[in-house]
Engineer: 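Below is a structure I'd like to ask you about.
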Number of protein chains: 2
Amino acid sequence: MIDPASGVPAWRQLADDLRRRVAAGEWSPGARLPSESRLMQETGLGRTTVRRAIAALRAQGVVEVQHGWGTRVPQAREVERIVAEPGSVVTTRMPTPAERATFDVPDGVPMLVVIGPDGIADAYPGDRAQVDIL
Amino acid sequence: MIDPASGVPAWRQLADDLRRRVAAGEWSPGARLPSESRLMQETGLGRTTVRRAIAALRAQGVVEVQHGWGTRVPQAREVERIVAEPGSVVTTRMPTPAERATFDVPDGVPMLVVIGPDGIADAYPGDRAQVDIL
DNA sequence: TATAATTTGTGCGTATGTATA
DNA sequence: TTATACATACGCACAAATTAT
C-alpha cells in the first residue's frame with residue numbers, strides 16, 4: 001500500500017489512503033478509525049509518520065481526534081463533502097436571491113461552485129459543503 | 001491519444017487533454033488553438049465530438065471562442081488559476097478584515113480556501129482565483 | 001470595394017450502446 | 001422480454017464572422 005520508492009512521502013500516501021476510505025464510507029460517522037498503533041502495524045511506518053498523516057486530515061476536517069479515545073469521522077457532519085472529478089474547476093461567489101431562497105442560505109455565506117468536466121456547474125452553500133480532491 | 005475502449009467519452013478525453021495543455025502553457029494567452037477541422041484530423045473524431053469538448057472548456061473559462069476567428073486562451077486572465085493537488089480540500093468563506101485589507105477584496109466577494117494535503121490552508125480572493133483539478 | 005478562404009454557429013438526420021420502466 | 005429514454009458519436013449542409021488577397 002505504502003510505496004517508499006514512489007517519491008511521495010509516506011505520511012502523504014497514508015493520508016491519501018485514509019481520506020479515500022473515509023470518502024468511500026468505510027467508517028460511518030462516529031465510528032473509530034484504526035488506532036495509531038494499529039496503523040503502525042498495518043503500514044510498517046513509525047509513530048511520527050502516522051501522526052503526521054492524521055494531523056493533515058484533522059486540519060482538513062476529514063477526521064476528529066479525541067484524546068484517550070481515538071480518531072473518528074465527524075459525527076453530525078454539518079458539511080457535505082463533494083468529491084470533485086479531475087477536469088473540474090472550483091470557484092466561489094455570493095448566492096443569487098433564488099439560491100438564498102431554495103437552499104436557505106444565511107446572510108454572508110458564499111456559494112461553492114463546481115464546474116464539472118462537462119461544463120455543468122453545481123453550486124453548494126459554503127457553510128454546508130466542501131470539495132474533496134482525491 | 002484518444003482511446004475509444006477506455007470507457008471515458010471521447011469528447012471528455014479531448015477536453016482533458018486540451019485543458020492540461022492549456023495549463024502547461026502550450027498556447028500563450030491570445031494565441032490560437034487548433035481549429036475544429038484540425039482537431040478532427042489529429043484525433044479522427046467527428047465535428048460534434050470536437051465541439052462538445054470545446055464547449056465544456058468554454059463553460060469552465062479555460063478557453064474563449066470567437067466566431068469566424070478561432071479558439072484562444074483568455075488574453076488578460078483576470079483570474080488566477082490554482083492547480084489543486086490530489087489530497088486537497090476546497091472550501092469558501094467570507095474574508096477576515098485582515099484579508100480584506102491585504103488583498104484589497106471588494107465588499108461581497110468571498111475567499112476561496114485551499115487546504116493542501118499537508119493541512120496548510122491558502123486563501124485567495126474569489127473574484128481573482130479559481131481552482132483547477134487536473 | 002469585392003472576393004475567396006478559413007473558422008465557428010446552427011440545424012438536420014442517423015446509428016449505436018446503455019440505462020430505465 | 002419489450003419499450004422508452006438518454007448519452008454518445010458521426011456526417012452533412014448552410015449561415016455568419018473574420019481575415020487576407
Side-chain angles (χ1 to χ4, degrees), chain A residues 20-26 28 80-91 93 96 98-99 102-103 111-125 129-134, chain B residues 1-81 83-84 86 90 127-134:
Chain A
R20 271 189 287 263
R21 291 162 71 184
V22 166
E26 182 165 334
S28 36
E80 179 188 0
R81 306 190 81 90
I82 301 133
V83 176
E85 293 176 82
S88 301
V89 170
V90 183
T91 64
R93 56 167 171 74
T96 63
E99 288 170 337
T102 50
F103 293 110
M111 301 288 287
L112 251 189
V113 182
V114 181
I115 312 174
D118 49 6
I120 295 178
D122 288 308
Y124 308 88
Q130 64 180 218
V131 177
D132 283 13
I133 301 165
L134 304 179
Chain B
M1 191 217 299
I2 270 79
D3 176 15
S6 72
V8 180
W11 65 267
R12 197 154 158 359
Q13 293 185 51
L14 176 56
D16 290 347
D17 178 59
L18 291 175
R19 192 185 301 103
R20 272 189 288 263
R21 290 162 73 184
V22 166
E26 181 166 335
W27 301 282
S28 35
R32 190 150 37 182
L33 269 70
S35 68
E36 294 176 0
S37 337
R38 242 204 113 71
L39 289 175
M40 289 166 64
Q41 291 172 359
E42 292 177 356
T43 60
L45 299 173
R47 190 165 178 229
T48 311
T49 311
V50 169
R51 282 182 64 77
R52 178 148 190 200
I54 294 175
L57 298 180
R58 290 176 66 174
Q60 296 186 324
V62 175
V63 299
E64 277 175 354
V65 176
Q66 188 180 335
H67 188 181
W69 189 87
T71 306
R72 76 187 98 198
V73 177
Q75 181 62 257
R77 178 128 1 124
E78 70 286 351
V79 295
E80 178 188 0
R81 305 188 81 92
V83 177
V90 184
D127 60 346
R128 273 165 272 166
Q130 65 180 217
V131 177
D132 283 13
I133 302 165
L134 302 179

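Order of the sequence lines fixes the chain letters, A, B, ..., with proteins taken first and strands second; residue numbering starts at 1 for each chain.
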Engineer: T71(B) side chain N/O closer than 4.0 Å to the phosphate oxygens (OP1, OP2) of dT7(C)?
Structural biologist: no
Engineer: Is the side chain of Q13(B) donor-acceptor paired with the backbone N or O of V8(B) at a distance under 3.5 Å, no angle test?
Structural biologist: yes
Engineer: Measuring to OP1 and OP2 of dT6(C), would you say a side-chain N or O of W69(B) lies under 4.0 angstrom away?
Structural biologist: no
Engineer: Round to the nearest Å and state the distance from E36(B) atom CD to dC12(D) atom C1'.
Structural biologist: 14 Å
Engineer: Which part of the nucleic acid does T48(B) contact within heavy-atom distance under 4.0 Å: base, sugar-phosphate only, or nothing?
Structural biologist: base
Engineer: If we call it a pair only when both distances are under 3.5 Å in a Watson-Crick or G-U wobble match, what pairs with dG9(C)?
Structural biologist: dC14(D)
Engineer: Answer yes or no: does a side-chain N or O of R51(B) lie under 4.0 Å from OP1 or OP2 of dG9(C)?
Structural biologist: yes
Engineer: Whole angstrom is fine here: how far is it from CE in M40(B) over to P in dC12(D)?
Structural biologist: 9 Å
Engineer: With heavy atoms under 4.0 Å as the rule, sort R52(B) into base, sugar-phosphate or nothing.
Structural biologist: sugar-phosphate
Engineer: Do the side chains of D16(B) and R20(B) get close enough for a salt bridge, i.e. N-O under 4.0 angstrom?
Structural biologist: no
Engineer: What's R12(B) touching, base or sugar-phosphate or nothing? Going by heavy atoms closer than 4.0 Å.
Structural biologist: nothing
Engineer: For R72(B) and dT7(C), what is the distance between atoms CZ and P respectively, to the nearest whole Å?
Structural biologist: 14 Å
Engineer: Does the ring of H67(B) meet both stacking tests against the six-membered base ring of dG9(C): centre distance under 5.5 Å and plane angle under 30°?
Structural biologist: no
Engineer: Relative to W69(B), does R32(B) satisfy both conditions: NZ or CZ under 6.0 angstrom from the six-membered ring centre, and within 45 degrees of the ring's axis?
Structural biologist: yes
Engineer: Given atom CG of L39(B) and atom C1' of dC10(D), what is their separation to the nearest angstrom?
Structural biologist: 16 Å
Engineer: Any side-chain to backbone donor/acceptor pair from T49(B) onto L45(B)? Under 3.5 Å, distance only.
Structural biologist: no
Engineer: Just the rounded figure in Å: distance from C1' of dT7(C) to CD of E64(B).
Structural biologist: 16 Å
Engineer: Taking atom P of dT7(C) as reference, at what distance in whole Å does atom CZ of R47(B) sit?
Structural biologist: 11 Å
Engineer: So, does Q60(B) use its side chain to make a donor-acceptor pair with the main chain of L57(B) at under 3.5 Å?
Structural biologist: no
Engineer: Does a nitrogen or oxygen in the side chain of S37(B) sit under 4.0 Å from OP1 or OP2 of dT6(C)?
Structural biologist: no
Engineer: Base, sugar-phosphate or nothing for G46(B)? Non-hydrogen atoms, less than 4.0 Å.
Structural biologist: sugar-phosphate
Engineer: Specify the separation, in whole Å, of atom CZ of R32(B) and atom P of dT6(C).
Structural biologist: 12 Å
Engineer: Once you apply the 3.5 Å cut-off to both distances, tell me the Watson-Crick or G-U wobble partner of dT14(C), or none.
Structural biologist: dA9(D)
Engineer: Could you state the CZ-P distance from R38(B) to dT8(C), rounded to the nearest angstrom?
Structural biologist: 12 Å
